[in-house]
Amino acid sequence: MIIPEMEKIKVSLRVKRKFAHAAQLAFFCCASNQREGERKLKMGRSRLDQNRAPIYEALETFRQMRVVPFDVPGHKRGRGNPELTAFLGQRCVGVDVNSMKPLDNLCHPVSVIREAEELAADAFGAAHAFLMVGGTTSSVQSMVLSTCKRGDEIILPRNVHKSVINALVLCGAIPVYVNPEVDQRLGISLGMRREQVAKAIAEHPNAVAVLVNNPTYYGICSDLRAIVKMAHEAGMRCLADEAHGTHFYFGNGLPVSAMEAGADMAAVSMHKSGGSLTQSSLLLVGPNVHAGYVRQIINLTQTTSGSYLLMSSLDISRRNLALRGREVFHQVADMAEYARQEINAIGGYYAFGRELMNGNSVFDFDTTKLSVHTLDIGLAGIEVYDILRDEYDIQIEFGDIGNILTYLSMGDRPQELERLVSALAEIRRRYQKDGTGLLSQEYIDPEVVTSPQEAFYAEKVSLPLEESEGRVCSEFVMCYPPGIPLLAPGELITAEILEHIQYAKKKGCSMTGPEDPELKRLNVLA
């Protein structure tokens, strides 16, 4: 009979269309995704099941199957590298797998990775979220490259992470620096003042975006809502580097998050305060950003062999934050406040907090950050950092010229903070000295001569460090952490900057960026 046969064909076509539709989703223009993102944002509350962790669930299902691996990676679920398996464990190497249909593909997700991205977007209040396995460096660079092309101007504070300026080297955009104020006592750079941003926008009306640190490494926040409003009124995007602000999305009494403030894009370092594995990150976008284009930009530089260890850690950590984040970070903020009080009671140290807020350049403060000024006991921050590690087995995040930063998050416990406070008290008793002659300022206003891209790729010569004054730098010089360049390509090398570099080297700061690993020579424009 013809009719039954036709019915079979129709059913077959419906099945094929169903699977074809799923396979093509990642390639479609994202207008429908944007409308869906807008709808979710307007609802103001989650409709997705945040108990789910689709990548993790798919890996657990895969683990139970007896799949014969004639694909990469070559360790074949650990059998080919027993030393690695013994070190990491069978459960870990057993899910270090390649992309395959049941596990989706990071470059063009259509199933479990797509679901994980939708859950992340929902949890963070974004229109779309991208799982990133190249660190927040990759997130920041994708954010800038999605917005800027060669010759475009972008307004940003000079105390940005190296990854921002790296992105300008790649795309050829021109930085318009808003040099932040410096707290003279602490020697640290603050946020951007509203008047500075307004002035930069007025003087550079063709700029395509304003980039904001939310927060700085030290926990200082600019007036993000006002900056977003100014940028949008001028027809510009607003981008946020939230490498140190993951917890803003899940904390009561913490500064506003980028998505809540209306920013267009935000790079979120999940592995810092979010609890995922090192090198895993998120890139969040708002409803007015073309997610399909952003995916194309990401795929220009991000690996085609996405690590399922990193992706599953993002998936599981997002679930943990969505379900327990608010309670956890309330406890973290309480611990930090307690530690501030105890450290300040020692004398000589200054653990700073919300008292720095001035309604503008320090519009808000991240109370989970525990930063301590050390110069009043006669020690540079890097010296206290070294003593804590070498003599007390306490590893803090970093020490710079005048401050230390201890990074508190969900895994910290009160008894460990007590150990830190006791160690700081003992260090003051044992090592306090006259602080005469100590430098205090970690930030020096640069003089930009040419664009980062032009300087980086230009003809250059190598000079002894002490002979480079007055020349234009063609490489980066920074203390890492925090990774804010003392010099970037295209900037004038001054006597003050050279003094700072030599002082930082003498005090033991980890200097990174230049071609010469000992930083005895610098590359300058020929």
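In this view, Lys505 satisfies the salt bridge (charged side-chain N to carboxylate O under 4.0 Å, His left out) rule with no residue, not counting sequence neighbours.
Using a 4.5 Å heavy-atom threshold, the side chains of Glu195 and Asn360 count as touching. You'll find the side chain of Leu492 stays beyond 4.5 Å of the side chain of Pro446, heavy atoms only. In this structure the side chain of Arg428 reaches within 4.5 angstrom of the side chain of Ile346, judged on heavy atoms. Looking at Leu379 and Lys433, their side chains come closer than 4.5 Å, going by heavy atoms from C-beta outward. Using a 4.5 Å heavy-atom threshold, the side chains of Met236 and Val208 count as separate. Side-chain contact between Arg225 and Lys229: absent, with no pair of heavy atoms (C-beta onward) separated by less than 4.5 Å. Using a 4.5 Å cut-off on side-chain heavy atoms (C-beta onward), Leu190 and Asp183 make contact. Leu321 places none of its side-chain heavy atoms less than 4.5 Å from the side chain of Arg318.
A donor-acceptor pair is defined here as one N or O able to donate and one able to accept, closer than 3.5 Å; such a pair exists between the side chain of Ser281 and the backbone of Val268. Within the 3.5 Å criterion, the main-chain N or O of Ile382 finds no donor-acceptor partner in the side chain of Asp400. Looking only at distances, no side-chain donor or acceptor of Ser139 sits under 3.5 Å from a matching main-chain atom of Ala267. A donor-acceptor pair is defined here as one N or O able to donate and one able to accept, closer than 3.5 Å; such a pair exists between the side chain of Glu355 and the backbone of Gly353. At distances below 3.5 Å, not a single donor-acceptor pair connects side-chain atoms of Gln432 with backbone N or O atoms of Ile377. Listed for the Asn299 side chain is no donor-acceptor partner under 3.5 Å among the backbone atoms of Gln296. Ser138 contributes no side-chain N or O that, together with a main-chain N or O of Gly135, makes up a donor-acceptor pair within less than 3.5 Å. Using modelled atom types, no side-chain atom of Arg471 and backbone atom of Leu522 make a donor-acceptor pair closer than 3.5 Å. Side-chain atoms of His204 do not come within 3.5 Å of backbone N or O of Ala207 as any donor-acceptor pair. Within the 3.5 Å criterion, the main-chain N or O of Asn523 finds a donor-acceptor partner in the side chain of Ser474.
Under a cut-off of 6.0 angstrom, the local environment of CZ in Phe365 is crowded, with over 12 non-hydrogen atoms contributed by other residues, nucleotides or ligands. Counted within 6.0 Å of CD on Glu391, heavy atoms from surrounding residues, nucleotides or ligands total more than 12; the atom is thus considered enclosed. His330 NE2: 12 or fewer foreign heavy atoms inside a 6.0 Å radius.
Figure legend: Lys460 and Phe456 shown as a cation-pi pair, the cationic atom lying under 6.0 angstrom from the six-membered ring centre and within 45 degrees of its axis.
Residues Ala200 and Val178 come closest through the heavy atom pair CB-CG2, 4.0 Å. Residues Leu314 and Met132 share a closest heavy-atom pair of CD1-O, 3.9 Å. Residues Thr147 and Ala209 come closest through the heavy atom pair CG2-CB, 3.6 Å.
In this structure, a donor-acceptor pair under 3.5 Å is present between the side chains of Glu418 and Tyr338. The closest side-chain donor-acceptor pair between Asn358 and Ser361 falls under 3.5 angstrom.
Rounded to the nearest 0.5 angstrom, Asn213 CG and Met192 CE are separated by 7.5 Å. Note: Leu417 CG to Leu370 CG = 7.0 Å, rounded to the nearest 0.5 Å. Taking CE of Met410 as the start and OG1 of Thr246 as the end, the distance is 9.0 Å to the nearest 0.5 Å. Put simply, CG on Leu300 and OG on Ser142 are 8.5 Å apart, with the number rounded to the nearest 0.5 Å. Summarising the geometry, atom CG belonging to Leu463 is positioned 12.0 Å from atom CD belonging to Glu469; distances are rounded to the nearest 0.5 Å.
Of the charged side-chain nitrogens involved, none lies within less than 4.0 Å of a carboxylate oxygen, so that Glu242 and Lys272 do not count as a salt-bridged pair. Between Arg521 and Glu515 there is no salt bridge, since none of the side-chain N atoms of the basic residue sits less than 4.0 Å from a carboxylate O of the acidic one. Of the charged side-chain nitrogens involved, none lies within less than 4.0 Å of a carboxylate oxygen, so that Arg354 and Asp366 do not count as a salt-bridged pair. Under 4.0 Å is where a charged nitrogen must lie from a carboxylate oxygen, and between Lys199 and Glu203 at least one such pair does. Looking at Glu416 and Arg413, a side-chain N of the basic residue comes within less than 4.0 Å of a carboxylate O on the acidic one, giving a salt bridge. A salt bridge does not link Arg193 with Asp223: every distance from a Lys NZ or Arg NE/NH1/NH2 to an Asp or Glu carboxylate oxygen is 4.0 Å or more.
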Taking it one step at a time, do Glu426 and Tyr392 satisfy side chain to side chain donor-acceptor pair (under 3.5 Å)? CA-CA 10 Å; Glu426 193 167 306; Tyr392 294 90; 3.0 Å; yes
Checking His232 against Asp264 for the side chain to side chain donor-acceptor pair (under 3.5 Å) test, could you report, in this order, the C-alpha distance in whole Å, the side-chain angles of both residues, the deciding distance, and whether it holds? CA-CA 9 Å; His232 286 174; Asp264 297 287; 2.8 Å; yes
Could you go step by step and tell me if Ser163 and Thr137 meet the side chain to side chain donor-acceptor pair (under 3.5 Å) rule? CA-CA 5 Å; Ser163 59; Thr137 288; 4.5 Å; no
Between Glu117 and Phe130, does a side-chain contact (heavy atoms from CB on, under 4.5 Å) hold up when you go through it step by step? CA-CA 6 Å; Glu117 289 182 340; Phe130 297 91; 4.3 Å; yes
Please walk me through it: do Ile501 and Met511 pass side-chain contact (heavy atoms from CB on, under 4.5 Å)? CA-CA 8 Å; Ile501 290 172; Met511 308 300 292; 4.2 Å; yes
Go through Ser276 and Ser317 one step at a time and tell me if the side chain to side chain donor-acceptor pair (under 3.5 Å) criterion holds. CA-CA 6 Å; Ser276 63; Ser317 299; 4.7 Å; no
Applying side-chain contact (heavy atoms from CB on, under 4.5 Å), run through Leu487 and Phe476 and close with a yes or a no. CA-CA 5 Å; Leu487 276 172; Phe476 290 95; over 6 Å; no
Stepwise side-chain contact (heavy atoms from CB on, under 4.5 Å) check, Leu424 with Val421: CA-CA 5 Å; Leu424 289 174; Val421 172; 5.8 Å; no
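For Tyr249 and His247, the gap between ring centers reaches or exceeds 6.0 Å. When ring centroids are compared, Phe248 and Phe329 stay outside the 6.0 Å threshold. Ring pair His373/Phe352: centre-to-centre distance not below 6.0 Å. Separation of the Tyr407 and Phe398 ring centroids does not fall under the 6.0 Å cut-off.
Test Val372, Asp412, Leu408, Leu388 against Leu420 for side chain to side chain contact (heavy atoms under 4.5 Å, CB included) and you get one pass: Leu388. In summary, of the residues considered (Glu397, Gln395, Lys507), a side chain to side chain donor-acceptor pair (under 3.5 Å) with Tyr385 occurs for Gln395 alone.
For the salt bridge (charged side-chain N to carboxylate O under 4.0 Å, His left out) condition, the pairs that include at least one residue of residues 333-342, sequence neighbours left out, are Glu337-Arg340.
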